[in-house]
Amino acid sequence: MSIHLKNVRGAIASQVLTISGMHLSRLPPAYFSRQQNTLAHKSFVVGIETVEDTGERQRRNINLYVRTEVEIQFAFRLRPKDIYPTDYDLSLDLEGEVIAAVMGTYSGIQNEISIRFVRSSRAISDSIEYQITTLTFIVQHNLS
């Protein structure tokens, strides 16, 4: 079965939405976190960064087997008097929850995709109001 890139993005976003308080930002991934007033606590985006051929032998009846790099960014508000370590630790807890949710099961396409966690990174906005966490995953699947 072939999967469209929008279906991969949507399936991952749906998994993140199962976490209490998380909500999908209306901004495109490339614009997320560029301006302070566009952020909201526990808002997130899911972006398709790169898509490449896996280099594996093409299988019969399959268009193309690819490796898709998916990036999730989410904002976590740092309260002024609790920047470190309280809110920092809470954001790390949320990071673990997001990773676990993305690595969970996907009804309908579970046998069609393989997901691997690659890395996480964190940055704090200049105003020190939000921590932006970026999680990177590799998804292998058949491309429609």
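Below, each value reflects all heavy atoms present in this structure, side chains not excepted, and no hydrogens, waters or symmetry copies.
Side chains of S120 and E95: a donor on one and an acceptor on the other come within 3.5 Å.
For F44 and H23, the ring centers are positioned 6.0 Å apart or more.
When hydrophobic clusters are built by joining Ile, Leu, Val, Met, Phe, Trp and Tyr residues whose side-chain heavy atoms come closer than 4.5 Å, directly or via intermediates, M22 is grouped together with F117. V8 and I138 are not part of a single hydrophobic cluster, where members link through side-chain heavy atoms under 4.5 Å apart. The cluster map of Ile, Leu, Val, Met, Phe, Trp and Tyr, joined by side-chain heavy atoms under 4.5 Å apart, puts I113 and V51 in the same cluster. Hydrophobic clustering of Ile, Leu, Val, Met, Phe, Trp and Tyr side chains at less than 4.5 Å, counting indirect connections, keeps V45 apart from V102.
Side-chain N or O atoms of S25 include none that pairs as donor or acceptor with a backbone N or O of S43 at under 3.5 Å. Without hydrogens or angle criteria, Q15 side chain to A101 main chain gives a donor-acceptor distance under 3.5 Å.
Within a 6.0 Å sphere centred on CZ of R122, other residues, nucleotides and ligands contribute more than 12 heavy atoms.
Annotation: side chain of N142 is not in contact with side chain of I3 (no heavy-atom distance under 4.5 Å). Here the side chains of M103 and I99 are in contact, with some heavy-atom distance below 4.5 Å.
The line from OG1 of T134 to CD of E49 is 9.0 Å long, rounded to the nearest 0.5 Å.
The nearest pair of heavy atoms linking E69 to R119 is OE2-NH2, 4.2 Å.
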Run the side-chain contact (heavy atoms from CB on, under 4.5 Å) check on H141 and E112 step by step: do they pass? CA-CA 6 Å; H141 61 97; E112 308 299 329; 5.9 Å; no

